[in-house]
Amino acid sequence: MLAYGIGVSKSFIGQVESPKYNIKYNPHHINEIAKYLNCSPRDFLPEKPL
């Protein structure tokens, strides 16, 4: 459902979530996920630097 909601393929989501691939969400993806989940993109980031 997330893939459909943000306009990417299910395989893309699987690759991002798999440690075998070096694919990551970019700021556009983060913004689309936040819109889909009705929250702020800041909710996905730590409050303090890692």
Side-chain angles (χ1 to χ4, degrees):
M1 290 177 59
L2 178 62
Y4 177 77
I6 68 169
V8 299
S9 68
K10 290 189 285 185
S11 64
F12 175 79
I13 300 290
Q15 290 175 350
V16 169
E17 294 183 359
S18 172
K20 294 192 295 184
Y21 298 96
N22 194 27
I23 297 173
K24 305 292 182 227
Y25 293 118
N26 65 36
H28 174 75
H29 296 128
I30 299 296
N31 192 57
E32 291 300 310
I33 292 169
K35 283 196 279 187
Y36 180 71
L37 297 176
N38 196 30
C39 65
S40 170
R42 295 180 71 185
D43 293 335
F44 303 114
L45 302 172
E47 288 187 31
K48 296 183 181 190
L50 300 175

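Just so it is clear, the values below take in all heavy atoms, side chains as well, and ignore hydrogens, waters and symmetry mates.
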I'd like a table of donor-acceptor pairs (distance under 3.5 Å, sequence neighbours excluded) in which one partner is a side-chain atom from residues 19-27, with atom names and distances.
{"residue": "N26", "atom": "OD1", "partner": "H28", "partner atom": "N", "Å": "2.8"}
{"residue": "N26", "atom": "OD1", "partner": "H29", "partner atom": "N", "Å": "2.9"}
{"residue": "N26", "atom": "OD1", "partner": "H29", "partner atom": "ND1", "Å": "3.3"}

Donor-acceptor contacts, no H, no angles, side chain residues 2-11, under 3.5 Å, sequence neighbours left out:
{"residue": "S9", "atom": "OG", "partner": "S11", "partner atom": "OG", "Å": "3.0"}
{"residue": "S9", "atom": "OG", "partner": "F12", "partner atom": "N", "Å": "3.0"}

Show me the donor-acceptor pairs, under 3.5 Å and distance only, between side chains in residues 37-50 and residues at least two apart or in other chains.
{"residue": "S40", "atom": "OG", "partner": "R42", "partner atom": "N", "Å": "3.1"}
{"residue": "D43", "atom": "OD2", "partner": "S40", "partner atom": "N", "Å": "3.2"}

